[in-house]
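Notes follow once the structure below has been shown.
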Amino acid sequence: MAIQRSNFRRHPASRPITGHCHQHDGFESAEVEQFDGSVLVRTCQFCRWEALNKAPLDSEARATALAQVKAERLNSALVGSGITPRFIDSSFDNYRVDDNQMAIKALETCRTYVGQFEENYRLGRSLILAGKVGCGKTHLASSIVQGVIRSHGAQALIVSVAEIIRVSKGVMVKGATYTDIDVIRELAEVDLLVIDELGAQKGSDYELGVLHEVLDKRYQLVRPTVVISNLLIADLPTFLGHRALDRLRQNGGLIAGFTWESARATV
């Protein structure tokens with residue numbers, strides 16, 4: 001099997017260091033990147049193993065070790081989610097609605113999508129966020145990604161169309177260590193895929209083909225997808241294809257429209 005090097009889902013960066021604890025001196029440790037931008041020193045793996053495998057089930061040591069494992073898995077999922085530093089702090093609670101009823105409706109649609117994610121995942125129910133620039137679509141999409149990771153333990157990824165196309169074209173480079181099948185498989189198997197900036201590409205046959213393959217594979221696996229675009233719904237088929245759009249709307253696929261003026265000028 002080809003080694004996947006697309007980095008759609010990257011691992012937290014780490015720097016090896018020598019660790020010390022009250023029982024074990026000089027063990028291999030690391031400073032590990034955290035989702036919030038900080039760095040955390042990895043605890044003694046020997047002590048953790050003993051706590052997980054030898055300590056009484058109701059002991060504080062075992063509870064602490066389990067909490068550390070859970071925190072590391074959550075951090076890995078968040079770092080690998082593709083959420084950029086600009087949107088790390090994005091949440092439903094800090095999304096600005098300013099008494100705008102359309103914004104309130106969009107917020108509730110996204111919040112409810114996370115709240116009902118178990119059902120949405122089971123049905124492969126997708127969501128389209130489309131409309132004017134500067135209305136907070138990526139903010140809400142990043143909130144969705146964090147929500148399904150934190151509340152449901154799901155594997156979620158947000159990636160731009162441009163990145164999907166760039167990585168897909170990378171298989172044509174001499175010496176590439178992954179194939180087009182690897183790219184499609186990686187994007188298809190994640191629990192929730194968010195595709196950002198649809199419509200920013202050229203809309204070529206190649207781009208349409210790649211997006212159709214990704215969405216078709218997710219459709220076959222009954223996996224939900226969120227699509228973000230600055231286009232009107234009527235213009236989506238040009239950059240997505242009628243068939244792919246139809247599949248996004250199956251099983252009660254949802255649409256949130258962003259038709260008000262940009263809030264960026266007031267920030």
Side-chain angles (χ1 to χ4, degrees), residues 1-10 77 80-84 87 110 113 117 120-130 137-138 140-142 144-145 148-149 152 154-173 176-231 233 235-256:
M1 181 180 293
I3 300 175
Q4 296 183 32
R5 300 192 185 281
S6 66
N7 289 325
F8 284 127
R9 289 185 50 78
R10 70 181 184 85
S81 70
I83 295 175
T84 62
F87 294 101
C110 294
Y113 188 81
F117 186 69
N120 293 330
Y121 178 78
R122 178 175 58 83
L123 296 175
R125 180 181 291 138
S126 297
L127 170 64
I128 298 174
L129 309 180
K137 294 185 293 295
T138 304
L140 286 176
S142 298
I144 289 173
V145 169
V148 299
I149 290 174
H152 300 279
Q155 187 184 66
L157 171 68
I158 181 170
V159 60
S160 69
V161 172
E163 179 70 359
I164 292 175
I165 300 304
R166 183 192 67 77
V167 173
S168 297
K169 288 183 175 179
V171 305
M172 306 175 193
V173 177
T177 55
Y178 62 94
T179 70
D180 54 345
I181 295 176
D182 293 323
V183 175
I184 300 301
R185 181 187 296 117
E186 185 174 359
L187 292 172
E189 292 181 350
V190 67
D191 296 329
L192 178 68
L193 176 66
V194 179
I195 302 177
D196 199 2
E197 298 180 357
L198 179 71
Q201 75 273 30
K202 297 177 181 178
S204 66
D205 289 342
Y206 175 78
E207 293 168 342
L208 280 172
V210 171
L211 289 176
H212 173 76
E213 247 192 296
V214 171
L215 291 172
D216 181 67
K217 186 65 174 178
R218 292 188 63 79
Y219 173 80
Q220 299 299 334
L221 293 173
V222 196
R223 299 284 167 82
T225 305
V226 175
V227 171
I228 312 169
S229 178
N230 293 329
L231 300 173
I233 298 297
D235 297 325
L236 289 178
T238 302
F239 297 89
L240 190 61
H242 287 282
R243 187 178 180 186
L245 179 60
D246 182 63
R247 290 188 166 181
L248 286 172
R249 301 186 69 172
Q250 288 191 20
N251 288 342
L254 304 169
I255 297 177

Output, in order, the C-alpha distance, side-chain angles, deciding distance and verdict of side-chain contact (heavy atoms from CB on, under 4.5 Å) for R243 and L215. CA-CA 10 Å; R243 187 178 180 186; L215 291 172; over 6 Å; no

Compare every heavy atom of F239 with every heavy atom of L211, then report the nearest pair and how far apart it is. CD1-O, 3.5 Å

For S160, side chain to side chain contact (heavy atoms under 4.5 Å, CB included) partners two or more places apart: A162, E163, E197

For the atom pair OG1 (T177) and CG (D182), what is the distance rounded to the nearest 0.5 Å? 8.5 Å

Are side-chain N/O atoms of Y219 and Q250 paired as donor and acceptor at under 3.5 Å? yes

Sub-3.5 Å donor-acceptor pair from the side chain of N251 to the main-chain atoms of L123, do we have one? yes

Any non-hydrogen side-chain atom of L129 less than 4.5 Å from a side-chain atom of C110? yes

Residues forming a side chain to side chain contact (heavy atoms under 4.5 Å, CB included) with I181, sequence neighbours excluded: T179, R185

Looking at CG of L198 and CD of E207, how far apart are the two atoms once the value is rounded to the nearest 0.5 Å? 10.0 Å

Without swapping roles, check the side chain of R218 against the backbone of V190 for a donor-acceptor pair under 3.5 Å. yes

Distance from I184 atom CD1 to E213 atom CD, nearest 0.5 Å? 4.5 Å

V210 side chain near I164 side chain, heavy-atom distance below 4.5 Å: yes

Gap between atom CG of L192 and atom CZ of F117 - 0.5 Å precision: 4.5 Å

Of all the heavy-atom pairs spanning A154 and I149, show the shortest one and how long it is. O-CG1, 3.5 Å

Can you measure from CG (L127) to OG1 (T225) and round to the nearest 0.5 angstrom? 10.5 Å

Taken in chain and number order and not counting sequence neighbours, the residues that satisfy side chain to side chain contact (heavy atoms under 4.5 Å, CB included) with S142 are I83, F87, S90, T138, I158

When every non-hydrogen atom of V145 is compared with those of S81, the smallest separation belongs to CG1-CB, 3.7 Å

Between N120 and Y113, is there a donor-acceptor pair closer than 3.5 Å when you use the side chain of the first and the backbone of the second? yes

Under the criterion side-chain contact (heavy atoms from CB on, under 4.5 Å), I'd like the reasoning laid out for R223 against E189: C-alpha separation, chi angles, the key distance, then a yes or no. CA-CA 8 Å; R223 299 284 167 82; E189 292 181 350; 4.1 Å; yes

R9 side-chain N/O to A156 backbone N/O, donor-acceptor pair under 3.5 Å: yes

Determine, step by step, whether V183 and Y178 satisfy the side-chain contact (heavy atoms from CB on, under 4.5 Å) criterion, reporting the C-alpha distance in whole Å, the side-chain angles of both residues, the deciding distance to 0.1 Å, and the verdict. CA-CA 8 Å; V183 175; Y178 62 94; 3.5 Å; yes

Please determine whether side-chain contact (heavy atoms from CB on, under 4.5 Å) holds for the pair L187 and L157, giving the CA-CA distance in whole Å, both sets of side-chain angles, and the decisive distance to 0.1 Å. CA-CA 8 Å; L187 292 172; L157 171 68; 4.0 Å; yes

Would you check if the side chain of Y206 reaches a backbone N or O of I165 as a donor-acceptor pair within less than 3.5 Å? no

Test V159 against every option in L193, D196, V167 by the side-chain contact (heavy atoms from CB on, under 4.5 Å) rule and name the one that passes. L193

Enter the distance from I128:CD1 to L248:CG here, rounded to the nearest 0.5 Å. 5.0 Å

Which pair of heavy atoms, one from P237 and one from H242, lies closest together, and at what distance? CB-CE1, 3.5 Å

So which heavy atom on G170 is nearest to which on A176, and how close? O-CB, 3.4 Å

Do any N or O atoms from the side chain of R125 and from the backbone of L254 form a donor-acceptor pair under 3.5 angstrom? no

